[in-house]
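Numbering of ligands and ligand atoms starts at 1, following listing order. For the numbers below, each heavy atom of this structure counts, side chains included, while hydrogens, waters and symmetry mates do not.
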Amino acid sequence: MPTQHPRYNPSHRLLKYSKPWLRYTLYLMLLLCLAFVTLNYLYPLKVNIPYSPVITASDGSVINAFLSRDDKWRMQLEPDEINPVLKKAVLLKEDKYFYYHPGINPFAITRALANNIFQNKKTSGASTITMQVARLLYPQQRTYANKLMEMFRALQLEWYYSKDEILQLYLNLVPFGGNIEGVKAASVLYFQQSPKQLSLAQAVTLTVIPNKPSSLRIGEQNERIVEFRNKWLRYYLAQQAFPVSDIEDALLEPLEARRLDAPKVAPHFAYRMYRRYKNQPIIKTTLSLQVQEKVEQLAYNYMQRLRYQNIHNAAVLVINNQTKAVEAYLGSADFNDFAHHGQVDGIRAVRSPGSTLKPFLYATAFDKGLLTPKAVITDVPVDYAGYRPQNYFGNYNGNVTIAHALATSLNVPAVKVLDLVGVDAFVQKLKQAEFSEMKRKGNQLGLSLILGGCDVKLEELTLLYAALANQGRYSPVKWLQQDSTQQEAQILSPGSAFMVNQILTQLTRPDLPHNAHNSPNLPKIAWKTGTSYGRKDAWSIGYNKKYTVGVWVGNFSGEGVPELNGTDSATPLLFDIFNSIDYNSTDGWFQQPKDIGLRVVCAESGSPVNSFCKNQVLDNFIPGISSTQKCSHLKNITVSGDKRYSYCTSCLPPTGFVQQLYPNHAPELLTFYDAERIPYQQIPAHNPSCRRIFKEHAPVITSPAAGMEYLLEQEERQQLMLHSNTHNEVKQVYWYINDKFLRATPANEKVFFEPQKSGRYKISCTDDRGRNTDSYITVRFL
Ligand SMILES: [Zn+2]
Ligand SMILES: [Zn+2]
């Protein structure tokens with residue numbers, strides 16, 4: 001029979017047969033594991049470090065920073081910001097075996113304990129980097145009990161985090177004196193650079209200060225710091241940690257650093273980003289430090305000159321048209337100008353746009369097929385139910401092209417076109433472009449909106465113009481690098497955007513600054529100016545293929561200044577900025593898109609030529625959209641041989657007549673010509689023996705406004721003005737009040753009458769052809 005062997009069981013054998021010390025060690029380790037698990041449950045690790053929010057520019061540099069919740073400058077390192085030189089210096093100095101121990105280094109602890117007991121001197125070498133992190137996370141008095149707790153926390157850290165993460169925590173938390181913690185804050189505040197760019201001498205400086213942060217203060221004890229630094233540099237030399245020549249250079253590098261304030265570039269922007277992306281330790285924006293600094297400098301210098309005109313504030317927004325990124329954001333020219341509210345963010349302030357919305361109105365009209373750039377519109381006095389818009393310079397120009405009306409920013413044609421397009425339709429367009437006030441109260445707006453009778457923000461306007469530079473596509477701004485391309489909205493067709501671009505590039509216009517013609521550096525841009533009512537806001541917004549730049553100049557106090565206007569107060573700064581950030585742009589100019597064509601039109605009307613149109617010009621149009629109605633700037637009239645009378649089909653004599661072309665002017669233009677004594681070719685009076693009653697082309701009563709209530713001062717014996725626009729051939733009109741004859745006057749002349757009592761009035765105007773128009777108003781006496 002074979003001998004019976006005990007069943008093989010290693011642990012059993014170990015317990016039974018091994019030496020007792022091994023067994024006790026095993027028990028101890030089990031106990032320690034159990035203790036760790038229990039403690040881990042009772043004292044969970046909490047790593048919740050309040051960082052100072054940091055705003056970075058597109059190149060990663062810190063442009064602005066805010067104190068952490070606990071009032072520290074503690075900026076979080078990005079993984080790629082850990083400088084290898086710094087890392088090596090720290091590890092060699094603090095914890096050579098960092099990558100090999102489990103959080104505590106038993107050999108170092110034993111040695112330190114022995115030193116403490118037998119030589120009665122304190123050594124700090126026993127603390128691993130992990131234990132230092134534990135102490136920084138849970139600051140405690142230095143007792144043996146706390147030391148044990150620290151070890152436990154170190155084990156916990158190692159359990160939950162990788163070595164690199166622990167090292168990063170260490171570098172984020174080491175103290176540098178005062179309220180500065182972590183190497184990033186130290187690099188930024190002491191050396192004004194990213195930790196990535198530290199020299200060897202600077203890196204070693206940052207490794208020695210945390211040993212005695214309160215006595216090694218940069219800027220105060222630089223000589224002592226250099227002493228320490230060089231001591232450690234010589235240690236690294238002995239350890240052959242870095243190339244000899246690097247260390248020799250580092251030993252000679254002077255230390256001139258001192259603590260500076262945290263950078264405060266683009267404060268309005270930074271604060272906005274801070275508020276918008278709260279709780280993000282690093283807010284990586286698209287701002288270009290270079291462009292921002294240029295804009296800041298230019299605006300600051302520029303405003304020094306305007307100060308003497310009592311103009312104190314400016315705001316500038318620069319958008320990159322290709323990326324939609326904000327490259328410069330200047331909320332006010334001088335943030336620190338407390339006397340003039342420099343802290344107000346002019347980019348988000350709600351202001352009156354003046355004329356700056358006009359390009360979008362004309363583009364909208366192009367897209368609706370109503371107009372083309374060479375279409376002719378009348379610029380004469382008009383009256384929309386009491387609203388009588390006036391031009392900036394107070395004059396009127398008679399017939400003008402749309403291109404001229406936009407390039408010279410005429411007000412009357414703009415109001416007319418808005419009436420044609422419809423206020424609602426235009427408000428809808430602006431809503432599509434995210435105009436906040438349009439969304440809020442767009443339904444309360446009237447025709448005056450196109451002259452600035454509404455509320456906008458510089459940011460909204462600039463983005464709207466960026467759509468012109470982007471073939472009519474509107475897209476929201478990109479603030480952060482991580483923002484993906486956002487939803488675009490095609491608010492204008494590429495064709496209408498292009499036509500507006502061409503108009504806004506013209507240099508023969510009144511809003512070219514007075515000295516610009518002499519300037520050799522006129523940038524190639526499309527731009528539009530605006531001046532709000534009361535001269536409170538001066539605007540100039542320009543773009544080329546690369547950039548859209550919005551400039552606002554005025555006073556945050558709302559104070560108007562007689563000298564303030566878009567041309568002279570805002571455009572020079574716009575030109576300066578383009579010349580500085582995009583001088584001699586290499587991007588070329590906008591190409592004509594495929595959706596527009598070129599056609600021959602009559603210069604008198606801008607409509608496709610008719611047989612009688614002699615003066616022909618080329619004009620852009622949108623095939624399939626733009627009106628194709630032929631020109632009617634002249635019309636054929638049958639007149640007597642001596643051209644004294646005109647005939648209609650009812651009274652045409654069998655012989656003795658000729659056909660002749662006469663100008664087909666709009667009635668309001670005739671009124672204007674009469675008032676200005678501008679001669680025009682008149683149609684002969686109609687055959688006096690004609691018995692026909694005409695219905696078409698009845699007089700249009702322009703004053704008083706139909707349906708309106710007029711409040712009059714009875715004692716002052718105020719009068720009402722009567723006026724009508726009549727057809728070309730009309731020579732005389734007859735006025736009736738409540739069917740009682742008042743007076744006969746030559747056509748287009750004004751008549752006055754004094755109402756005697758309150759109430760409703762019927763006002764009638766009959767022309768010499770018997771065509772009549774009635775209008776009703778109410779009069780009330782005060
Ligand atoms: Zn014509
Ligand atoms: Zn007739």
Original post:
When the ring planes of Tyr465 and Tyr543 are compared, do they come out parallel, tilted or perpendicular, using 30° and 60° as the limits?
Top reply: tilted

Original post:
Roughly, to 10 degrees, what angle do Cys602 atom SG and Cys631 atom SG form around the Zn ion (ligand 1)?
Top reply: 120°

Subject >> N, O or S atom within His633 nearest to the Zn ion (ligand 1), by name >> reply: ND1

**OP:** Work out the angle at the Zn ion (ligand 2) between SG of Cys651 and NE2 of His686, rounded to 10°.
**Re:** 110°

**OP:** Rounded to the nearest 10 degrees, what's the angle SG of Cys648 makes with SG of Cys690 at the Zn ion (ligand 2)? Could you check?
**Re:** 110°

Original post:
When you look at Trp539 and Arg351, which way does the side-chain contact (heavy atoms from CB on, under 4.5 Å) test go after all the steps?
Top reply: CA-CA 10 Å; Trp539 304 90; Arg351 316 290 313 188; 3.6 Å; yes

**OP:** Answer yes or no: is there a donor N or O on one side and an acceptor on the other, between the side chain of Ser352 and the main chain of Gly452, under 3.5 Å?
**Re:** yes

Original post:
Are any side-chain N or O atoms of Ser640 and backbone N or O atoms of Tyr645, one a donor and one an acceptor, separated by less than 3.5 Å?
Top reply: yes

